[in-house]
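Here is the structure we will look at.
None of these values were measured; they are calculated from a predicted model. Note that the numbering runs from 1 along the sequence shown for the chain.
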Amino acid sequence: MKSSKKQFIGEAFGSLISNDKAISCSKKSPVWLTILLFFLAIIFAVIPMTVNSANSYGSAFISRTAYGFDKTMTKIALEMSKDGVNYLTVNDNHELNITNSSESPAYKHTNVNTGRVEMEVYFSAAKDSSSKRAFINTVTDHHYVLSDAGETTTYYHSSYVVFFNNELYCCLYELGTENVLTTSAHGDYKTMKPGTDIVTLLTTVDGVKLTPTSDQAVLDILAVSKNQDALLNNWKKVFDKTYETVRTQNTLIGTGIYLGIFAGMSLIMGLLIWIMTRGKNNPFNYLTLWACFKIECWASVAPGLIGLILGFFLTQYAVMIFIMCLGMRVMWISSKQLRPEVR
């Protein structure tokens, strides 16, 4: 290997921490390498967000202590099995076989201690977005009286699950209030095999489908903690499975958006370097816009790597890490290595 190549490779690695070497490499690097570094930097920065989105689960919203989901939905699953519900089977079009829609809940769970309705389950044959939205709005408008003291009436809303023919939707409310919790889920049945019976999935424990024949039998099954845990896990599996398509879509869309944002910021930073070297007393005012863009590309690799590493630990700030690090390095270069002459 020629000594010039060795020197360039050494400067290339040194450019991760040295602004002088980043500027030097930008002058020597071919166009293809500059473009490669541009894309590498933004890809490094976007990886943590992509991985985080790809590892999300539809059941992440379920919290036993906060929502009482284990006591409400596990009981309702057994009640559906008791009643022989057979229209929640996925067909060849990856849809259910619901033929009727009712604005009244097909199943609901009432807390025996407080008398409050805590969970409702609806079935709807709606398929298009507008019809489903109208049905959800109708369900949302349905609330219960919490207290009626004189002229003041307080209402609350129960959490609910809606089985549409082509979508599963769940919305949770804070118990005894009309406050919608930020944790809700929706998904479809596209990743489920045709012939899959959702009621069977929900009520199978240790390979055996639970088919209670009476309300007391339902309570007897739930009295065994192992059964209750298994039934709750079945609901989680269903929400995870129905969320797979949504997760893929969200991951692809989110990755595209972040790539666009980071690419745009990189171009803006290259333009910023060009603008800050336009001064009459700046010895670098001969730099062209392309030359400034090349400097930015070499300077962006280190922020991209920082975003890649810290993004996994600081997930909430992953988007800002690359932008802030790149902005600080560009300002550092502009105010130090490319600063105007002091007279």
Side-chain angles (χ1 to χ4, degrees), residues 58-59 61-85 87-88 96 98 100-126 132-164 167-187 198-199 202-203 210 212 214-223 225 227-229 231-232 234-236 238-239 242:
S59 61
F61 72 98
I62 297 176
S63 173
R64 297 182 62 173
T65 56
Y67 316 131
F69 202 90
D70 56 332
K71 297 179 180 179
T72 57
M73 292 308 295
T74 53
K75 182 173 181 288
I76 289 175
L78 291 173
E79 290 176 347
M80 289 193 291
S81 178
K82 176 178 69 71
D83 295 340
V85 174
Y87 41 81
L88 299 185
L96 302 182
I98 301 172
N100 298 318
S101 298
S102 175
E103 296 177 358
S104 299
Y107 293 92
K108 63 181 179 180
H109 173 83
T110 303
N111 190 310
V112 294
N113 296 320
T114 63
R116 299 173 189 168
V117 178
E118 295 182 347
M119 180 64 70
E120 298 173 327
V121 173
Y122 296 82
F123 301 121
S124 174
K132 290 189 291 185
R133 190 180 305 111
F135 189 88
I136 292 297
N137 291 337
T138 301
V139 173
T140 303
D141 291 338
H142 179 223
H143 50 246
Y144 297 92
V145 175
L146 180 64
S147 62
D148 188 2
E151 298 179 354
T152 303
T153 302
T154 305
Y155 298 94
Y156 75 95
H157 203 299
S158 70
S159 301
Y160 61 86
V161 173
V162 181
F163 286 93
F164 293 107
E167 183 180 359
L168 174 62
Y169 185 87
C170 176
C171 184
L172 299 181
Y173 286 79
E174 185 178 348
L175 296 178
T177 71
E178 290 188 296
N179 300 327
V180 180
L181 295 168
T182 57
T183 48
S184 61
H186 66 96
I198 293 181
V199 176
L202 293 174
T203 57
L210 302 179
S214 64
D215 292 338
Q216 184 59 45
V218 170
L219 297 177
D220 291 341
I221 292 174
L222 292 176
S225 60
N227 292 337
Q228 189 162 306
D229 292 338
L231 292 170
L232 179 62
N234 289 343
W235 272 105
K236 291 181 179 180
V238 169
F239 279 114
T242 56

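- Counting all heavy atoms, side chain and backbone alike, Asn113 lies closest to Asn111 at N-OD1, 2.8 Å.
- Here the OH atom belonging to Tyr122 is positioned 12.5 Å from the OG atom belonging to Ser101, to the nearest 0.5 angstrom.
- Of the inter-residue distances, the one linking Leu210 atom CG with Leu231 atom CG reads 6.0 Å to the nearest 0.5 angstrom.
- The shortest distance between side-chain heavy atoms of Val162 and His186 does not fall below 4.5 Å.
- Side-chain contact check for Lys108 versus Met119: every heavy-atom pair is 4.5 Å or farther apart.
- A 4.5 Å side-chain heavy-atom check between Gln216 and Leu219 finds at least one atom pair inside the cut-off.
- The heavy-atom pair separating Ser158 from Tyr144 by the smallest distance is OG-CE1, 4.1 Å.
- Closest non-hydrogen pair, Ala77 versus Trp235, comes out as CB-NE1, 3.7 Å.
- Under the 3.5 Å distance criterion, with hydrogens and angles disregarded, no donor-acceptor pair is assigned to the side chains of Glu118 and Thr72.
- Here the side chains of Val85 and Tyr87 are in contact, with some heavy-atom distance below 4.5 Å.
- Using a 4.5 Å heavy-atom threshold, the side chains of Ile198 and Phe163 count as touching.
- Proximity of Ile136 to Tyr160: side-chain heavy atoms (C-beta onward) are separated by under 4.5 Å at one or more points.
- Taking the six-membered ring wherever Trp is involved, the centroid distance between the rings of Phe135 and Phe164 falls below 6.0 Å.
- With rounding to the nearest 0.5 angstrom, the NZ atom of Lys82 is 10.0 Å from the CG atom of Leu78.
- Under 3.5 Å, the side chains of Tyr107 and Asp83 contain a donor-acceptor pair of N or O atoms.
- Lys75 contributes atom NZ, which lies 8.0 Å from atom OG1 of Thr110 (distance to the nearest 0.5 angstrom).
- Looking at heavy atoms from C-beta onward, Val161 lies out of side-chain contact with Tyr169 at the 4.5 angstrom threshold.
- Each of His157, His142, His143 was compared with Tyr173 under the ring pair (Phe, Tyr, Trp, His ring centres under 6.0 Å) criterion, and only His157 meets it.
- Rounding to the nearest 0.5 Å gives a distance of 6.5 Å between CG of Leu202 and CG of Asn234.
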>> For a side-chain contact (heavy atoms from CB on, under 4.5 Å) check, start with the C-alpha distance between Ser102 and Asn100, then their side-chain angles and the critical distance, and finish with the verdict.
In response: CA-CA 7 Å; Ser102 175; Asn100 298 318; over 6 Å; no

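- Looking at Asn227, its side chain never comes within 3.5 Å of a backbone N or O of Leu222 through a donor-acceptor pair.
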> Does the side-chain contact (heavy atoms from CB on, under 4.5 Å) test come out yes or no for Arg133 and Asn137, once each step is laid out?
Replying inline: CA-CA 6 Å; Arg133 190 180 305 111; Asn137 291 337; 4.0 Å; yes

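- From Lys236, atom NZ reaches atom CE of Met73 across 14.0 Å, with rounding to the nearest 0.5 Å.
- Two residues are said to be in side-chain contact when any heavy atoms from C-beta on lie closer than 4.5 Å; Ser81 and Pro212 meet this criterion.
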